[in-house]
Trainee: 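Following this message is one structure expressed as structure tokens.
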Protein chains: 2
Amino acid sequence: MVECKQCLSTSEVVKAGFLRGRQRFYCKTCQLHFTVELPAALPQKTARQTTIIDIAKSLGVAPSTVSRALNGSTDINSLTRQEILRVANEMDYRPNLLAQSLHRGETHTIGVVIPNIERPFFAGVLAGIQNVATEAGYRVMICQSNESHSTETLNVQALIASRVDGLLISHSKETTSFEHIRLQLKKGLPIVHFDRVCSEVETAKVVQEDFEGSFALVEHLIQQGCRRIAVCAGPPQLLISQTRLEGYKAALRHYGLALDDTLIYHTEFKQSESLTALNHWLSLPEPPDGIFAVHYGNAIELLVELKHRKIQIPAEIAIVGFGDELIAELIEPSLTVFHLFPFEMGETAASLLIDNIIHRHTFSPITKKMRGELRIRQSSMRL
Amino acid sequence: MVECKQCLSTSEVVKAGFLRGRQRFYCKTCQLHFTVELPAALPQKTARQTTIIDIAKSLGVAPSTVSRALNGSTDINSLTRQEILRVANEMDYRPNLLAQSLHRGETHTIGVVIPNIERPFFAGVLAGIQNVATEAGYRVMICQSNESHSTETLNVQALIASRVDGLLISHSKETTSFEHIRLQLKKGLPIVHFDRVCSEVETAKVVQEDFEGSFALVEHLIQQGCRRIAVCAGPPQLLISQTRLEGYKAALRHYGLALDDTLIYHTEFKQSESLTALNHWLSLPEPPDGIFAVHYGNAIELLVELKHRKIQIPAEIAIVGFGDELIAELIEPSLTVFHLFPFEMGETAASLLIDNIIHRHTFSPITKKMRGELRIRQSSMRL
DNA sequence: ATACCTATCGAAAACGTTTCCGAAAACGCT
DNA sequence: AGCGTTTTCGGAAACGTTTTCGATAGGTAT
């Protein structure tokens, strides 16, 4: 009935169960188990990218020779190389970066985690990152945390799974635990924080002049005659929120103004929160005569609402904000801001990281501070 | 002097040149060439991510068993699996996606090529893409062409080298040849065009209501009493520019207005070009009483400049634009626009692509058109 | 010729997975 | 016991590179 694969006899072959749907046999003389193969489904060739092996076969040389030709090794005859390069070009050969990376143990890719790609600030940072990364031969993989801690952790894990050579991260506003960062740091992954940094982990960092900018804005309000300055602060758990609030307090202290807790309102970077803040402030026995919004979006929102309520800006209430976009200049009255340079921040962070990747051993976790710029516009010019 | 590696005799060994810096020998009896090995530099263990092999060794099982445990195969004892999962978790195992992808022949990554990540429209599209991609278990790799054709070609090649499973692309304004796309399409790579599409290649496409939107905007201007409507058109080589211009012309024709070539001005999406256009129009014997800006940025620029010159909007000149952002609503007068939905466009394009990837065989190159919305604001309300 | 040397190539291992195939042990039934 | 069956595991190949090592053919000096 059935031939043994070894001795080709049929007499000593017995059935021996099923294996993955196929009848299994046992030859008693050979003591050999075997199954009969299914009629092979035809190979179903789908179009592939051409490989080094394809080139090697088509020229009758070894794959190693092709590799040498493509990588500019000297261990190869120049005629052979020419021929190989010609064929490679002809077949539109593109090296498989997966195989290269797997072999080399490095991907030449950096991972970026940001809260939201749609915020112009982060889009600007991304552009800066891409700029220096591309220049240095690195690719960029971007993830959004959507301001969620768990998503941020998943993002980091996904980037680790892709074996990025380094990580650039700006934390979500929810993030108060940094174990996911510390874990990778311990494994030796180069990490650079930017903008929304933390003090709990020893990484290189790129920050804004959060303290100085807030101080300058509030100082400016005071110099314009404001005496009761409210602050629309950010999420209290974010370090940059805290630092900016510190700048606010320091300016008040420096100019001998009292600190009034009823003038401090914390938001979560959400829509229409600032309106609640405004209602609160206007209901006070002594309403503010100046508002400092830690987040640019809140400043615009407040400005629009003040206009809507026919409150004179800056005569009755002056307003200033942190961060800048085209709209701040075009809205009426135009908004006084502490201008940031997101593109440059991205560039700085990326070059720090790439430095960190290349000089893995001799690297110290420095902190760089980006320069900002006080841009005085109509919303605060009372004099 | 030197022992032969095989016969261990020294008498018949002679020098035989140098090989990569090392002295080479030849044993005449054995007919064997060999070199003496250098004192091996110590292994320099740098921290690595844990692999399946690490887990296998620490438990004394085969790598294949670990793989089965991690992938939920039934071919494994549940106690073994538990133990393996425990150790994997303990060692913070993350599968190496490079190795997985190399083996599977697919990366679960889609490549995106856009002109510029800082343009809010594209940032919105990206967010939409990321949204459905993440949902479907795909990663996203983003490249910017910076409006350059050669960079765009390099971008595509880089993504191909990374072996993305599919490609989403919105062309640079320079791109008039599509060989780089056709080449990959011929290799069987799923490709979806969005926004700045082309008609030269047979791919699935997602487009805006370029014709309908332009028609609606111009129709609206006409209904508001405008009779000489200028158009600030885009780069003439872009298909969407052409389509929008067609919409403009069609509306004029439909309402019996003459087409005047002096009222058509082509820009390249650059700063202050629109001012040149404005100067040109205002110097005409019969200046326009309405302006349609194909690109949103130009509309804002023109609006600001008109205000600056104390020209009444919309009384003297009404103005409308294509595309929308927060600023259009907040600027004074607020700008009438044909509102687009970039996020939804990104979602649509991504799900089309992923469909294309999964059902590679049964896929037809359909074109989807995103709905837009005419939003009438002050800049055009003359009645 | 002989001794030594260089230039150029191929074979094979390695990177970390998955999967195919089969072996061995355990199990269930007469 | 004896036979057929199932469960569970290990070995090895494969994905596409790069790199190490060594072999060979053909030099160039003596």
Side-chain angles (χ1 to χ4, degrees), chain A residues 5 14-20 22-26 28 31-35 37-38 48-56 59-71 73-81 84 93-107 161 163, chain B residues 5 14-20 22-26 28 31-35 37-38 48-56 59-71 73-81 84 93-107 161 163:
Chain A
K5 280 186 177 177
V14 295
K15 289 202 219 167
F18 274 86
L19 194 53
R20 273 168 283 265
R22 264 171 287 178
Q23 179 62 58
R24 194 158 174 255
F25 298 93
Y26 179 68
K28 291 182 191 169
Q31 300 195 333
L32 180 73
H33 286 276
F34 62 92
T35 60
E37 60 270 27
L38 303 172
R48 278 183 318 106
Q49 297 285 341
T50 76
T51 74
I52 266 187
I53 301 183
D54 297 332
I55 301 176
L59 280 172
V61 298
S64 48
T65 305
V66 178
S67 174
R68 270 189 290 259
L70 295 169
N71 293 332
S73 156
T74 55
D75 246 20
I76 191 170
N77 187 301
S78 67
L79 273 81
T80 315
R81 159 174 306 156
I84 290 177
Y93 170 75
R94 304 284 154 207
N96 186 328
L97 260 36
L98 296 172
Q100 281 189 346
S101 299
L102 181 60
H103 182 83
R104 291 210 183 109
E106 53 179 27
T107 52
R163 297 296 189 268
Chain B
K5 280 186 179 179
V14 294
K15 289 201 217 169
F18 274 86
L19 194 52
R20 275 168 282 263
R22 264 173 287 176
Q23 179 62 58
R24 194 158 176 256
F25 299 94
Y26 179 69
K28 291 182 191 168
Q31 300 195 333
L32 179 73
H33 286 277
F34 62 92
T35 61
E37 60 270 28
L38 303 173
R48 277 182 319 106
Q49 298 284 341
T50 76
T51 74
I52 265 187
I53 301 183
D54 297 333
I55 301 177
L59 280 173
V61 298
S64 49
T65 306
V66 179
S67 175
R68 270 189 293 260
L70 295 169
N71 292 332
S73 158
T74 56
D75 243 19
I76 191 170
N77 187 300
S78 68
L79 273 81
T80 315
R81 161 175 305 158
I84 289 176
Y93 169 76
R94 304 284 155 207
N96 186 329
L97 259 38
L98 297 171
Q100 280 189 345
S101 299
L102 181 59
H103 181 82
R104 293 211 182 106
E106 54 179 24
T107 53
R163 296 297 188 269

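Lettering of chains follows the sequences in order, A, B, ..., and the numbering in each one begins at 1. The model shown is predicted, which means the values in this text are computed figures rather than measured ones.
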Trainee: Whole angstrom is fine here: how far is it from CG in Leu59(B) over to C1' in dT8(D)?
Mentor: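 Roughly 16 Å, once rounded to whole Å.
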Trainee: Which atom pair, heavy atoms only, marks the closest approach of Asn77(A) to Leu79(A)?
Mentor: OD1-N, 2.7 Å
Trainee: For residues Ala56(B) and Pro63(B), report the shortest heavy-atom separation together with the two atoms involved.
Mentor: CB-N, 3.8 Å
Trainee: Name the one of Thr65(B), Leu70(B), Asn71(B) that satisfies side-chain contact (heavy atoms from CB on, under 4.5 Å) with Ser67(B)?
Mentor: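 Going through the options one by one, the only one that passes is Asn71(B).
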Trainee: Can you find a pair of side-chain heavy atoms, one from Asn96(A) and one from Thr51(A), that are under 4.5 Å apart?
Mentor: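 No, side chains not in contact.
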Trainee: Taking protein heavy atoms under 4.0 Å as touching, what does nucleotides 11-16 of chain C look like 5' to 3' if B marks base contact, S marks sugar-phosphate-only contact and - marks none?
Mentor: BB-BBB
Trainee: How many Å lie between CD on Glu106(B) and P on dT17(C), as a whole number?
Mentor: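 To the nearest whole Å, that distance equals 17 Å.
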Trainee: Quick one: does Arg94(B)'s side chain get under 4.5 Å of Arg163(A)'s, heavy atoms only?
Mentor: yes
Trainee: Can you tell me how far P of dT8(C) sits from CD1 of Ile84(A), to the nearest Å?
Mentor: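 Going from Ile84(A) (CD1) to dT8(C) (P), I get 13 Å.
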Trainee: Work out which heavy atom in Gln100(B) is nearest to a heavy atom in Pro95(B); give both atom names and the distance.
Mentor: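 Where Gln100(B) meets Pro95(B) most closely, the heavy atoms are NE2-CB, 3.6 Å.
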Trainee: Enter the distance from Leu102(B):CG to Thr107(B):OG1 here, rounded to the nearest 0.5 Å.
Mentor: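 Leu102(B) CG to Thr107(B) OG1: 11.0 Å, rounded to 0.5 Å.
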Trainee: Rounded to whole Å, please give me the gap between CD1 in Ile76(B) and C1' in dT19(C).
Mentor: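 Atom CD1 in Ile76(B) sits about 14 Å away from atom C1' in dT19(C).
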Trainee: Is any side-chain nitrogen or oxygen of Ser67(B) closer than 4.0 Å to OP1 or OP2 of dT18(C)?
Mentor: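 For Ser67(B), the contact criterion (side-chain N or O under 4.0 Å from OP1 or OP2 of dT18(C)) is met.
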Trainee: Please classify the nucleic acid contact of Thr80(A) as base, sugar-phosphate, or nothing, using heavy-atom distances under 4.0 Å.
Mentor: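 The answer is sugar-phosphate, as Thr80(A) gets under 4.0 Å only of primed atoms, P, OP1 or OP2.
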Trainee: What bend angle does the helix from dA1(C)-dT30(D) to dT30(C)-dA1(D) show across its length, from five-pair end axes and to the nearest 10 degrees?
Mentor: 40°
Trainee: Using every non-hydrogen atom in the two residues, find where Leu98(B) and Ser101(A) come nearest and quote the distance to one decimal.
Mentor: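 Distance-wise, the nearest heavy atoms are CD1-CB, 3.8 Å.
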